[in-house]
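Worksheet: one structure, shown below.
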Amino acid sequence: MTQHSADWWRDAVIYQVYPRSFADANGDGMGDLEGVRSRLPYLRELGVDAVWLSPFYASPQADAGYDVADYRAVDPMFGTVEHADALIRDAHELGLRVIVDVVPNHSSDRHEWFERAIKEGPGSALRDRYHFRTGRGESGELPPNDWESIFGGPAWTRTDNPDGSPGDWYLHLFAPEQPDFNWEHPAVADEFRSILRFWLDQGVDGFRVDVAHGLVKAAGLPDIGGSDQLKLLGNASMPFFDQDGVHLIYRSWRAILDEYPDDRIAVAEAWAPTPERLALYVRPDELHQAFNFPYLGTYWDAEALREVIDSSLAAMRPVGAPATWVLSNHDVTRHATRFANPAGLGTQLRTPGDRGLGLRRAHAATLLMLALPGSAYVYQGEELGLPDVTDLPDEARQDPSFFRAAGQDGFRDGCRVPIPWTRDGSSYGFGSGGSWLPQPPEWAGLSVEAQTGDPGSTLELYRGALALRREHPGLGAGESVEWRDAPEGVLHFVRGDGFVCTANTTGQPVTIPTPGRAILSSATVHYNEQGAELPADTTVWWQA
Ligand code: NOJ
């Protein structure tokens, strides 16, 4: 049964399931909810506290489910609402909490409101629930402003009037199939409050809020000016992101969450220009957590890591929210591949790099992350050390950003390849009917089956680390780390209960005075007269 501890989320380890790619129960090559349900015991045994499911709602899948046509229905590709209920029930029986995605910035262009807005033509009251505008230029042939879509190209698409003549334009910060809602309209706000209640009534423990920073747009939808808008994202103030008005929405959502028993939570996928702006989303009367994308974007480098750890903790302290830590998700190249490549290449890579190096660093980065105060997010497959699949054939790709940017960017399919469960069999145990993205043959050796019981495997490292984190609640608790002096390139800090963590991010072995008994390490520690020698790219947990 679920443990009803207050504030369970403050130090929770939350495992992201990408339903398309986790487990396929009905053999159609696409993961589904029954597949997830069948693997819940695996997650329990892995030792995570909660599962976050990416969208499984009714959707034409123009953006892998982040284009929702009906927020209260499960897409037949994933199952039914009854399957979702069964999944939530089973998870709770195993002591796992369940967080679901909510996608409030935009709907699918197949959502009933949008379809009617188009069909009814200019003057339809439903157009006010989205951002419809007449175009600029003599005959409205130019977009209403200069905003660019995050997936490339203009953020506006022109509609056809019911009589076939060119009509107004609508705003979509992402793909054209994802029209942005107008959150000034009360019906939009009401609808989402009702959607939250619908899923809370089904028993979910919380929500991951997609594009939480995007809901409110600056009045008048002003031009941005200049070029290369996408480079500004996340580090400059933009008229479509991080507007103060979003906070009113989250206050009303928090009131709903608080009406329900047992600490229901919400985590913001929010990009803000500074850590302080991000902290506003997690004030005590707003959301509970926000993803730490600056941490995800930090390379395996002690100085940079220390800086981002300190600034993340410092930003959260005044608002009393836990920091969060994340290395991978369904939108970025897996960290085993990022760390296999040189620094400075960003989070969308096409090169496999040095796999052995990437894996060693990934192991070390995991132990570092799990020793930090706050909540940690694990993306499915990272516990197997999966690399990104960097050589997917273009014809297999489904990511809309790949097509929008004419192949220049958008390599998110590489981290979405279905999970290998067994050494043999169709799609390595993912399902009986192949897999919607091709899996590399060497994934047989990375399967759950191949790694289980192998003490040197990534999977057993995760299991060991998560078990220790449960035994030592001091590991995820608190709001600061006590740094200790260490050689260059080494992070060395004390946590609660005499727990010490040392991470050698350099490519050389480093010797330090032995801080205690090594209870877990990502590579074998050797001892000599000077103390303990940590191999290159290694993290060690010690009990002082
Ligand atoms: C963020 C999601 O993580 C991503 O996968 C999606 O494409 C965009 N939001 C748009 O919903």
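Whatever order the structure lists them in is the order used to number ligands and atoms, beginning at 1.
- In the vicinity of Asp331, heavy-atom distances shorter than 4.0 Å reach the ligand 1 atoms 1 (C), 2 (C), 3 (O), 4 (C), 5 (O).
- By the 4.0 Å heavy-atom criterion, Arg416 is counted among the residues contacting ligand 1.
- Annotation: atom 1 (C) of ligand 1 to nearest protein heavy atom, Asp210 OD1, 2.9 Å.
- Nearest-heavy-atom check against atom 6 (C) of ligand 1 across Asp63, Asp101, Asp399 picks out Asp63.
- With a 4.0 Å cut-off on non-hydrogen atoms, Arg208 touches ligand 1 through its side chain and not its backbone.
- Near Arg412, with a cut-off below 4.0 Å to any heavy atom, the atoms of ligand 1 are 4 (C), 5 (O), 6 (C), 7 (O).
- Interface atoms of ligand 1 facing Phe151, defined by a heavy-atom separation under 4.0 Å, are 7 (O).
- With ligand atoms numbered from 1 in the order given, ligand 1 contributes 9 (N) to contacts under 4.0 Å with heavy atoms of Val211.
- A salt bridge links Arg412 with Asp63: the closest approach of a Lys/Arg side-chain nitrogen to an acidic carboxylate oxygen falls below 4.0 angstrom.
- Of all atoms in ligand 1, numbered sequentially from 1 with element shown, those under 4.0 Å from a heavy atom of His106 are 10 (C), 11 (O).
- When each of Phe78, Trp199, Tyr18 is checked for a ring-ring contact (aromatic ring centres under 6.0 Å, His included) with Phe56, only Trp199 meets the rule.
- In terms of protein heavy atoms, atom 8 (C) of ligand 1 is closest to Phe174 CE2, 3.8 Å.
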